[in-house]
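Reviewing the structure listed below.
Whatever order the structure lists ligands and atoms in, that order sets their numbers, starting from 1. This chain uses plain numbering: 1 for the first residue, then up along the sequence.
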Amino acid sequence: MDKEPRLLGVIGHPIQHSLSPDMHNAVFKKLNLNCSYSAYDVTSEKLESFLEECIEKRFGGLNVTTPHKVDVIKYLDSVDENARRINAVNTIKFNEKIKIGYNTDGVGCINALREEGEKIKGKRILVLGAGGAARAITFQCALEGAEIIISNRTRENAINLSKEIREKLGRRVLVVNYSEKSIKDIMPQTDILINTTTVGMHPKANRSPITADTLRKEVTVMDIVYNPVETLLLKTAKRKGCKTIDGVGMLAHQGAESLKIWLNLKAPVDEMKKTVLEKLKAR
Ligand code: ATR
């Protein structure tokens with residue numbers, strides 16, 4: 001191992017609530033790696049110059065979060081096929097002066113589902129939301145052979161995403177209205193429901209995108225919101241008798257995939273989850 005620490009980090013704005021530094025530094029401690037991971041508050045105006053600074057300081061890589069996942073692409077030298085399709089980057093690797101973009105959100109979600117025993121191929125997956133996370137998840141699930149249904153508050157965003165998936169992957173995607181009735185109507189044809197909207201996220205934790213009446217107990221319900229760990233949607237689904245999967249798994253797995261890209265490392269995902277849960281509990 002080099003004497004000089006391998007510098008890694010996450011950039012976003014705002015960034016102070018990010019759990020990524022704790023999650024990654026716990027891995028470095030556990031594996032006794034000379035690496036250090038910090039959070040950097042970077043505004044859009046400073047994005048390009050910050051990346052240049054990272055090269056000067058010989059950073060190994062960065063995670064990228066809101067609001068830079070799309071805008072950062074124009075400053076990169078290359079973007080892998082997956083991130084290009086999704087049109088969003090959440091991981092950058094610095095190869096000397098070359099900046100390469102990746103997206104680990106979709107794979108992170110799929111690994112979290114698989115870890116809980118879910119199969120993806122041939123499953124009908126209803127995704128609530130059509131934002132950045134939904135893009136990564138729907139593309140990856142479609143690639144893995146799932147049938148995708150999208151429901152989003154702004155229907156136009158769902159339509160646009162469905163068109164993109166059809167054009168880029170040749171897969172048809174169903175769009176349903178974001179209403180209790182339409183979502184209930186599609187429930188008999190749904191195996192897995194994934195909430196990617198911000199509804200139910202701290203501090204508005206008393207909200208849920210759908211009610212118990214809309215759910216069906218045979219559906220697996222995943223929420224990618226991880227603060228709180230048990231969202232109102234997951235509580236409601238559990239009461240209904242559904243299998244539930246919280247957002248901590250996806251957070252840890254997308255981080256683990258980033259570590260694989262930067263350090264060619266098989267990350268201890270359980271340690272990462274444990275750290276996130278401890279930090280959330282202490283808040
Ligand atoms: P992320 O990167 O986490 O996916 P995002 O790109 O800002 O975040 O996307 C947020 C998603 O949550 C969008 O699908 C958004 O719906 P719109 O396209 O209509 O904006 C959805 N969302 C946010 N607030 C919502 C609310 N109060 N009710 C329903 N959906 C909401």
Side-chain angles (χ1 to χ4, degrees), residues 10-15 17-20 42 44 47 63-73 82-83 85-91 101-110 112 125-142 148-165 173-184 186 193-211 214 221-229 231-234 236 246-255 257-258 276:
V10 55
I11 55 171
H13 180 70
I15 197 69
H17 294 301
S18 175
L19 292 166
S20 295
V42 178
S44 298
L47 184 55
N63 280 133
V64 182
T65 188
T66 316
H68 305 315
K69 284 186 183 183
V70 177
D71 291 341
V72 80
I73 291 178
N82 189 27
R85 246 188 322 243
I86 297 164
N87 193 35
V89 158
N90 80 331
T91 304
Y102 301 85
N103 193 309
T104 67
D105 284 334
V107 176
C109 177
I110 285 193
I125 302 184
L126 168 59
V127 174
L128 304 182
R135 293 183 65 82
I137 291 169
T138 51
F139 265 99
Q140 201 63 40
C141 288
I148 307 295
I149 307 156
I150 305 173
S151 176
N152 189 53
R153 177 180 63 178
T154 309
R155 188 178 158 87
E156 194 191 352
N157 295 345
I159 298 276
N160 289 340
L161 177 54
S162 75
K163 278 187 190 155
E164 261 186 67
I165 294 173
V173 171
L174 186 66
V175 171
V176 301
N177 284 340
Y178 188 78
S179 70
E180 290 278 344
K181 177 170 183 330
S182 300
I183 296 173
K184 188 173 178 174
I186 202 70
L193 179 144
I194 306 177
N195 175 46
T196 74
T197 76
T198 48
V199 179
M201 193 187 278
H202 173 82
K204 294 180 179 168
N206 60 346
R207 297 191 184 170
S208 170
I210 53 173
T211 61
T214 302
V221 178
M222 180 192 223
D223 203 331
I224 73 161
V225 170
Y226 55 81
N227 187 12
V229 176
T231 58
L232 181 56
L233 170 65
L234 293 184
T236 306
D246 66 46
V248 176
M250 172 168 161
L251 177 66
H253 277 285
Q254 62 79 30
E257 287 299 307
S258 297
V276 168

(message) If we check side-chain contact (heavy atoms from CB on, under 4.5 Å) with Glu156, which of these qualifies: Asn152, Asn160, Ile159?
(response) Asn160
(message) For the CZ atom of Phe139 and the CD atom of Glu164, what is their distance to the nearest 0.5 Å?
(response) 5.0 Å
(message) Taking side-chain contact (heavy atoms from CB on, under 4.5 Å) as the criterion, tell me which of Ile210, Asp246, Leu193 meets it with Val221.
(response) Leu193
(request) Using the side-chain contact (heavy atoms from CB on, under 4.5 Å) rule, pick out the option among Asn90, Ile110, Ile224 that qualifies with Asp105. (result) Asn90
(message) Once rounded to the nearest 0.5 Å, what's the spacing between atom CG of Leu47 and atom CG of Asp71?
(response) 7.5 Å
Which N or O atoms of ligand 1 sit under 3.5 Å from a protein N or O, and how far apart is each pair?
{"from": "ligand 1", "atom 1": "4 (O)", "to": "Gly132", "atom 2": "N", "distance (Å)": "3.2"}
{"from": "ligand 1", "atom 1": "4 (O)", "to": "Ala133", "atom 2": "N", "distance (Å)": "2.9"}
{"from": "ligand 1", "atom 1": "6 (O)", "to": "Gly132", "atom 2": "N", "distance (Å)": "2.9"}
{"from": "ligand 1", "atom 1": "14 (O)", "to": "Ala130", "atom 2": "N", "distance (Å)": "2.9"}
{"from": "ligand 1", "atom 1": "14 (O)", "to": "Gly131", "atom 2": "N", "distance (Å)": "3.4"}
{"from": "ligand 1", "atom 1": "14 (O)", "to": "Asn152", "atom 2": "OD1", "distance (Å)": "2.7"}
{"from": "ligand 1", "atom 1": "16 (O)", "to": "Asn152", "atom 2": "OD1", "distance (Å)": "3.2"}
{"from": "ligand 1", "atom 1": "18 (O)", "to": "Asn152", "atom 2": "ND2", "distance (Å)": "2.8"}
{"from": "ligand 1", "atom 1": "18 (O)", "to": "Asn157", "atom 2": "ND2", "distance (Å)": "2.8"}
{"from": "ligand 1", "atom 1": "19 (O)", "to": "Arg153", "atom 2": "NE", "distance (Å)": "3.0"}
{"from": "ligand 1", "atom 1": "19 (O)", "to": "Thr154", "atom 2": "N", "distance (Å)": "3.0"}
{"from": "ligand 1", "atom 1": "19 (O)", "to": "Thr154", "atom 2": "OG1", "distance (Å)": "2.5"}
{"from": "ligand 1", "atom 1": "20 (O)", "to": "Arg153", "atom 2": "NH2", "distance (Å)": "2.9"}
{"from": "ligand 1", "atom 1": "24 (N)", "to": "Thr198", "atom 2": "OG1", "distance (Å)": "3.4"}
{"from": "ligand 1", "atom 1": "27 (N)", "to": "Arg153", "atom 2": "NH1", "distance (Å)": "3.4"}

(message) Looking at Leu234, is its backbone amide N or carbonyl O close enough to the side chain of Thr231 to form a donor-acceptor pair, meaning the two atoms are under 3.5 Å apart?
(response) yes
